[in-house]
Amino acid sequence: MTGSSHVEKRERLLKWYRASARPLPWRLTSDPYAIWVSEVMLQQTQVERVLLFYEPFLRRFPSIQALASASWEEVLAAWRGLGYYQRARLLHQSAQIIVRDHNGVIPQDPKLLRQLPGVGPYMAGAIASIAFGLPEPAIDGNVARVLSRICKIEFPLGTRESNAALWKEAHFWVQCERPGEVNQALIECGAVLCTPRRPKCATCPLCSDCLAKRDDVVEWLPRPRLRRPPQRWSVVALLIENDKGEVLVFQHKGRAARGFGLGGRLFEGTWSVPMTLGKGVEVAQGLAQSLGATLLEDSPSCRFKHVLTHRHLDVEVWMACLVGLPPQELRFMPREALKIEGVSRLTERIISQRATDKEVLLAAVPVER
């Protein structure tokens with residue numbers, strides 16, 4: 001514990017927060033459902049991006065009952081463009097569980113919250129404290145950074161020692177009348193003042209108690225978690241159109257349909273053109289033959305790099321034409337319909353190509369979120 005008590009530090013933090021916090025829409029509601037939706041959307045996604053989707057999503061699904069009764073396709077269409085579509089699927093599943101098992105009422109108990117699909121320690125703490133006023137810590141990346149610096153926690157993030165120290169410290173902060181506001185204030189402090197680079201220590205209400213500042217190690221903390229290097233995948237994608245300009249696509253449903261998708265949970269629930277791992281004309285021919293199609297050329301129409309959080313994709317787009325009827329898992333759909341139904345950013349880039357496109361697109365795109 002640093003020089004001031006937690007009570008004193010908390011009061012300074014809350015005074016700053018009440019005067020300076022951004023007026024984000026999820027901070028202006030006490031509706032547990034709306035708060036929960038915001039927390040799901042904010043996972044690994046910048047606030048500016050979430051602001052584009054949050055209120056339209058709530059207008060489309062204004063209650064947990066409305067979300068639970070909607071089809072997955074409707075939810076996916078409303079989520080399209082926000083990325084990480086598995087979040088939307090788990091949110092939808094959780095809504096159905098809450099309606100079925102909890103009479104449509106979001107449980108307050110963090111242990112029950114954590115039993116819902118996609119709800120981990122942070123989200124359970126955030127919902128319990130912000131929506132229900134329970135003294136539960138909520139440690140996201142921002143909070144971890146603030147507390148690591150204040151307490152000079154030198155263990156790498158993600159280790160047992162670091163987790164124990166952070167949760168112990170966070171527990172003290174929320175022992176008060178408005179724990180949800182304290183959690184939001186810590187998050188806000190990390191987002192706008194105690195930033196990863198060039199933190200604004202001079203204006204931070206906690207600067208006088210920050211051990212990292214005292215010892216001039218602010219920019220060295222927190223120590224990053226050890227990460228595996230991103231995997232590099234080569235991907236062949238087929239762009240097949242009919243005489244109406246519609247695109248042949250299928251819907252990812254966990255496992256790859258007959259081997260013409262990347263499989264797993266990557267892009268689950270979204271519509272995609274046929275694709276497979278590999279590169280070169282032989283791989284493209286093999287994929288085309290599995291669909292009853294033939295390549296239009298012996299070289300890809302374009303190549304581009306696509307960056308995901310844990311994977312870097314080198315994508316070849318090949319033009320092909322269908323000889324007979326497509327496999328039953330695939331269908332032709334207009335590009336406009338695909339935008340409504342929901343496609344990943346990767347598929348969006350692929351279907352934007354034309355047979356005359358010969359440029360090589362080498363610029364990496366932002367992380368798919």
Side-chain angles (χ1 to χ4, degrees), residues 2-4 6 8-27 38-52 54 82-84 121-123 125-126 129-130 137-159 162-163 165-167 169-170 172-174 180-227 230 307 309-310 364 366-369:
T2 55
S4 302
H6 283 94
E8 294 169 323
K9 288 185 287 188
R10 187 165 55 231
E11 288 177 352
R12 290 202 307 272
L13 177 67
L14 289 176
K15 181 179 179 180
W16 166 82
Y17 176 74
R18 290 162 183 166
S20 307
R22 294 167 292 175
L24 301 174
W26 46 87
R27 292 176 177 166
S38 74
E39 291 298 338
V40 175
M41 288 187 169
L42 287 163
Q43 287 179 312
Q44 303 184 64
T45 306
Q46 294 181 345
V47 166
E48 292 74 15
R49 186 77 179 156
V50 173
L51 287 171
L52 300 176
Y54 177 69
L82 191 56
Y84 285 122
Y122 164 75
M123 191 177 298
S129 64
I130 298 170
I139 301 179
D140 69 349
N142 289 312
V143 175
R145 185 166 54 255
V146 171
L147 298 185
S148 291
R149 287 171 172 171
I150 292 174
C151 301
K152 196 183 174 185
I153 298 172
E154 299 182 282
F155 300 110
L157 292 178
T159 62
S162 176
N163 289 338
L166 287 171
W167 284 96
E169 176 66 14
F172 289 116
W173 281 85
V174 294
E181 188 179 29
V182 172
N183 279 330
Q184 292 185 87
L186 287 168
I187 292 169
E188 184 78 351
C189 182
V192 303
L193 295 181
C194 195
T195 51
R197 299 175 187 85
R198 298 179 181 177
K200 302 175 180 64
C201 297
T203 57
C204 178
L206 303 175
C207 181
S208 62
D209 288 294
C210 181
L211 294 182
K213 178 65 176 175
R214 183 198 68 183
D215 295 341
D216 197 26
V217 293
V218 171
E219 299 213 25
W220 293 93
L221 295 176
R223 290 180 58 190
R225 68 179 71 228
L226 300 177
R227 295 184 181 273
V307 180
T309 305
H310 303 296
V367 172
E368 177 108 6
R369 291 190 178 279

(message) Please find the pair of heavy atoms, one from Arg10 and one from Val182, that lie closest to each other, and give the distance.
(response) CD-CG2, 3.6 Å
Could you tabulate the donor-acceptor pairs under 3.5 Å formed by side-chain atoms of residues 189-196, not counting sequence neighbours?
unit_1, atom_1, unit_2, atom_2, d
Thr195, OG1, Arg197, O, 2.9

(message) I need the minimum non-hydrogen distance between Val218 and Arg149, along with the two atoms involved.
(response) O-NE, 3.0 Å
(request) Show your reasoning for whether side chain to side chain contact (heavy atoms under 4.5 Å, CB included) applies to Trp167 and Leu147. (result) CA-CA 10 Å; Trp167 284 96; Leu147 298 185; over 6 Å; no
(request) Dump the intermediate steps for side chain to side chain contact (heavy atoms under 4.5 Å, CB included) on Val143 and Asn183, then the final yes or no. (result) CA-CA 8 Å; Val143 175; Asn183 279 330; 5.8 Å; no
(message) Please determine whether a side-chain nitrogen of the Lys or Arg among Arg214 and Asp209 lies less than 4.0 Å from a carboxylate oxygen of the Asp or Glu.
(response) no
(request) Determine whether more than 12 heavy atoms belonging to other residues, nucleotides or ligands lie under 6.0 Å from atom CH2 of Trp220. (result) no
(request) Check Ala126 against Ser129 and note the closest heavy-atom contact, atom names and distance. (result) O-OG, 3.3 Å
(message) If you apply the rule side chain to side chain contact (heavy atoms under 4.5 Å, CB included), what do you find for His6 with Glu169, and how did you get there?
(response) CA-CA 10 Å; His6 283 94; Glu169 176 66 14; 2.9 Å; yes
(message) How long is the straight-line distance from CG of Leu13 back to CD of Glu11, given to the nearest 0.5 Å?
(response) 11.0 Å
(message) Suppose the criterion is salt bridge (charged side-chain N to carboxylate O under 4.0 Å, His left out): which pairs have a residue in residues 137-146, not counting sequence neighbours?
(response) none
(request) For Ile139 and Ala170, work out which heavy atoms get closest and say how close. (result) CD1-CB, 3.8 Å
(request) Answer yes when Glu181 and Arg18 have at least one side-chain N-carboxylate O distance shorter than 4.0 Å, and no when they do not. (result) yes
(message) Just to verify, what does Arg27 make a salt bridge (charged side-chain N to carboxylate O under 4.0 Å, His left out) with, not counting sequence neighbours?
(response) Glu188
(message) Just verifying a value: how many Å separate Leu206 CG and Glu8 CD, rounded to the nearest 0.5 Å?
(response) 12.0 Å
(message) For a 4.5 angstrom cut-off between non-hydrogen side-chain atoms, does Val47 reach Leu24?
(response) yes
(request) Could you pull out all residues at least two apart from Glu39 that satisfy salt bridge (charged side-chain N to carboxylate O under 4.0 Å, His left out)? (result) none
(message) The criterion is ring pair (Phe, Tyr, Trp, His ring centres under 6.0 Å); which residues satisfy it with Trp26, sequence neighbours excluded?
(response) Tyr54
(message) Could you check whether any side-chain N or O of Thr203 sits under 3.5 Å from a backbone N or O of Lys200, counting only pairs where one atom can act as donor and the other as acceptor?
(response) yes
(message) Quick check on Arg198: does its CZ atom have over 12 non-hydrogen neighbours (other residues, nucleotides or ligands) under 6.0 Å away?
(response) no
(request) Taking the side chain as every heavy atom from C-beta outward, state whether Val146 and Cys210 have any atom pair closer than 4.5 Å. (result) no
(message) Ignoring hydrogens, what is the shortest heavy-atom contact between Pro205 and Arg12? Give both atom names and the distance.
(response) O-NE, 2.9 Å
Mind listing the side-chain donor-acceptor pairs of residues 151-159 below 3.5 Å, one per line with the distance, residues two or more places apart or on another chain?
unit_1, atom_1, unit_2, atom_2, d
Lys152, NZ, Asp215, OD2, 2.8
Thr159, OG1, Pro156, O, 2.8
Thr159, OG1, Ser162, N, 3.2

(request) List the atom of Ala138, the atom of Tyr122, and the distance in Å for their closest heavy-atom pair. (result) C-CD1, 3.5 Å
(message) Please evaluate residues Arg223 and Leu221 with respect to the criterion side chain to side chain contact (heavy atoms under 4.5 Å, CB included), reporting the C-alpha separation (whole Å), side-chain torsions for both, the decisive distance (0.1 Å), and the verdict.
(response) CA-CA 5 Å; Arg223 290 180 58 190; Leu221 295 176; 4.1 Å; yes
